[in-house]
Number of protein chains: 2
Amino acid sequence: MADQQTSSDRSFVGRARDGLDVFASSYPARFAILVFAGLNVVFMLLLMTPWASADGRATPIVDAFFQAVSVVCVTGLTVVDMATHWSPLGNAVVMVGVEVGGIGVLTLASLLGMTVARRLGLRQRLLAASDSNPSRVRKGVVKEGQAIRLGEVGGLLRTVAISVLSFEAALVVLLYPRILLEGKDPLTALYEAVYWSIMAFTNSGFVPTVEGLEPYATDPWFMIVLMLGVFIGSLGFPVYFVLLRHLSRPRQWSLHVKLTISVSVMLFLAGGLAYLVLEWGNGDSWGTRDFGQQLLHAFFLSSMARSGGFAVDDLGLLHNSSLLVTDMLMFVGGGSASTAGGIKVTTLAILFLAAVAEARGRRSMEAFGRRIPSDVLRLAVSVTLWSATIVALVTVVLLEITGAPMSFVLFDVISAFATVGLSTGFTHSGLEDPAKVILALTMFAGRIGSVTLAAALAASQRTQLFTRPEERPIVG
Amino acid sequence: MADQQTSSDRSFVGRARDGLDVFASSYPARFAILVFAGLNVVFMLLLMTPWASADGRATPIVDAFFQAVSVVCVTGLTVVDMATHWSPLGNAVVMVGVEVGGIGVLTLASLLGMTVARRLGLRQRLLAASDSNPSRVRKGVVKEGQAIRLGEVGGLLRTVAISVLSFEAALVVLLYPRILLEGKDPLTALYEAVYWSIMAFTNSGFVPTVEGLEPYATDPWFMIVLMLGVFIGSLGFPVYFVLLRHLSRPRQWSLHVKLTISVSVMLFLAGGLAYLVLEWGNGDSWGTRDFGQQLLHAFFLSSMARSGGFAVDDLGLLHNSSLLVTDMLMFVGGGSASTAGGIKVTTLAILFLAAVAEARGRRSMEAFGRRIPSDVLRLAVSVTLWSATIVALVTVVLLEITGAPMSFVLFDVISAFATVGLSTGFTHSGLEDPAKVILALTMFAGRIGSVTLAAALAASQRTQLFTRPEERPIVG
Ligand SMILES: [K+]
Ligand SMILES: [K+]
């Protein structure tokens, strides 16, 4: 507010900032978790107030907590009706929470990981998000060709925010006329267009109206625009930065960009084809409609499963086989340092490339004419193991608490962990409070999980002064 | 038969044997798969004959195929009532099939992998099974301290067979008096004791009588002897060989032995505790009996889940949470080069050790004061990925074909793949024929899978004369 501060004020701010720097660089993972947990609490308190709800009554704390975590983690699971429960203020809080959660925290976490790995102060020069990968910086040396210097944290945040807002604005332009066609008044239509755009690009998956996607369920335009927004949003910042500079020169694309895009496209196609085959003839879903509609719905679900979270069909009515396919797509998720969750497409790629290298008897993993250092595999294994363990434990506990069918519980747990937001109906307002709290903590663990884990790992690099004797157990 | 052969005969046999050697060392994985598939076909033909069935009618080909694969792969899943369907000849075929499947093929496969990796002829000197690990021999050099020379293949087979038969004889001695106490005549009791012992030690899990384990359901003696047999059987030959030489000197135990035993014990305890908690109060299983019985049943299931396959309770009545815990235990399985299936306990250990090393920022995986070379991780990832992919694909297909609940289908698919043989009731005589065939192929893939895969991998080691530029994608 005040441009002029007293010197004692400034010195207090300066000291606080220095203290924060020290804490952040000493305990970076804990710092990131604290910042993120704090955000969740702030949004819970905001959503709990009577002013945030449409009927002027305070939202119960468990529901407010669940919804705040779902918003800040851009998950999209709901235990209240998002379209009717909130006041305009509540809706504004939701939209701001999604933007903050989707952009700010991720960037912060990436930066923290990077900062600490290099033992630099937060205010020092940093490399861009395409280099925020702790697994790369651990080796110390970054090749100049791959590094994109962006300057200060502020510069990175600004770039991230500007590109996100530009993408979202483009989505608004594409969606607004279509919503007007529904006969809504211009202001309501604009609000809905902005809401859809934010929820699509941040891969959140909340819907602004009671009827949700129903009015657009047969409309390729609206659905494909949403798919496009979700798909681009799920690629991740490192990919945008490279594409913005080298869009027309694929030879300049980094390995990360090529892997992310190719695996994303493969999963999109494989998922869509699987749904098409498995739901064929299922009258409860889209299986008996004309072929064009079947294509649209199958590929819409395929793109939404990897973190988007918009649903146009009642997923509880899908075949169990389709639910299991969705489980797998959700578990993989989107690109690294994106608003999508899951173990990430590059993690899956690394696991497969390791198996291919093993099968071919090659010394190194290879892709697109590049050799991938083998220590990346260890990080990929860590991320996958952490994810599988959390999902398995939470599923066991929720099965025991609720006694619901495994296909439903497993689905919603993976949806929560990978911050997808699709639901079979297991997650609803009548769910037991302990189950709601556990699901909320699962979303939190899933969102902070791999990034913070990676940061924590990068920070604890140690040199060993002795070497133990080598011995090789038998595996497989 | 004839000790004296004509020289032309001998030369034919010699030439055939040489040809086999050439084929076996040129295409070892294919050779192992062919040998194993041939065994399955032979036992299918034997079981199809009218003489093998109790009512003198030929068994339908799909059922005979399913049962032959289940026998040779020591799985234990059934689509006919094993106690009443077969004639004495049929029962003999089953017992021989289990012994051949459990011992011979595994040894052969290990030897093949080893043979080929070293480019030696089948008849040349070989190292013992504790060294039959293709991941070790790939590097060429084997430390003398870890290697146990056994001489010829015949020598290895003889040692394996003798130790297996000794263990089984010990089990017979422990079980026979208890079965006599049931008031059975001495010969029937002896047959049943031999049957139980073979099925326990080979981790097959077939039962000789209609009532199965029911008469012994509250008897700690019988159940604990079975658990002991299954547990020792699931450790694997490499472990026995070391233990037989160094039982009282744990310092001499190899890393493989320590890892196998410690992880097996941990899984046994963790599984038992999980069942105890999750089934607490479930009147449909053991949850309302006295505490001693609850302990017995919980830990019995825990030991059987990792490949034994004996069931004393109706698993379809367990909580879904317990079924998911069982899924995980079955997927992990037993020790390498054992009659147990799954990804193997050492594979799980490697994945966790990799995550621990990553979290601690250590350069190498470490356990029991030993450094584990990082290329072992790649093999562990390959085995796990192959297993998870097969299980997921087969589950999707069977869900689509049968429409059964996911908790049941996933359970029986993992049970088949990991050759466990426990069933929720999904696998039964009324199952659709395509589903039976798919389950049988899953058992086959699970049994030959990791061993043959490993052999195939070891064979295709190639030297690359150029090095590609290194690049590091972002994961997690
Ligand atoms: K989402
Ligand atoms: K078995």
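Chain naming here is simple, since letters A, B, ... match the order of the sequence lines and numbering starts at 1 in each. Hydrogens, waters and symmetry mates are skipped; everything else that's a heavy atom, side chains included, is used.
With a 4.5 Å cut-off on non-hydrogen atoms, A:Leu385 touches chain B through its side chain but not through its backbone. Looking at A:Leu259, only its side chain comes within 4.5 Å of chain B, counting heavy atoms on both sides. Of the two parts of B:Phe368, neither the backbone nor the side chain holds a non-hydrogen atom closer than 4.5 Å to a non-hydrogen atom of chain A. Neither the backbone nor the side chain of B:Ala274 comes within contact range of chain A, judged by heavy atoms closer than 4.5 Å. Of the atoms belonging to A:Val277, it is backbone heavy atoms, and not side-chain ones, that fall under 4.5 Å from chain B. If you measure heavy-atom distances from B:Val409 to chain A, you find no contacts under 4.5 Å at all. In this structure, the portion of B:Leu410 lying under 4.5 Å from any heavy atom of chain A is its side chain and not its backbone.
Residues that satisfy the side chain to side chain donor-acceptor pair (under 3.5 Å) test with B:Ser322, not counting sequence neighbours, are B:Glu279. For B:Thr384, there are no side chain to side chain donor-acceptor pair (under 3.5 Å) partners two or more places apart in sequence or in a different chain.
The two residues A:Leu399 and A:Ala404 make their nearest non-hydrogen contact at CD2-O, 3.4 Å.
Of all the listed residues (B:Val381, B:Leu278, B:Leu377), the one sharing the greatest number of non-hydrogen pairs under 4.5 Å with chain A is B:Leu278. For the set B:Val356, B:Val345, B:Asn320, the count of heavy-atom pairs under 4.5 angstrom toward chain A peaks at B:Asn320.
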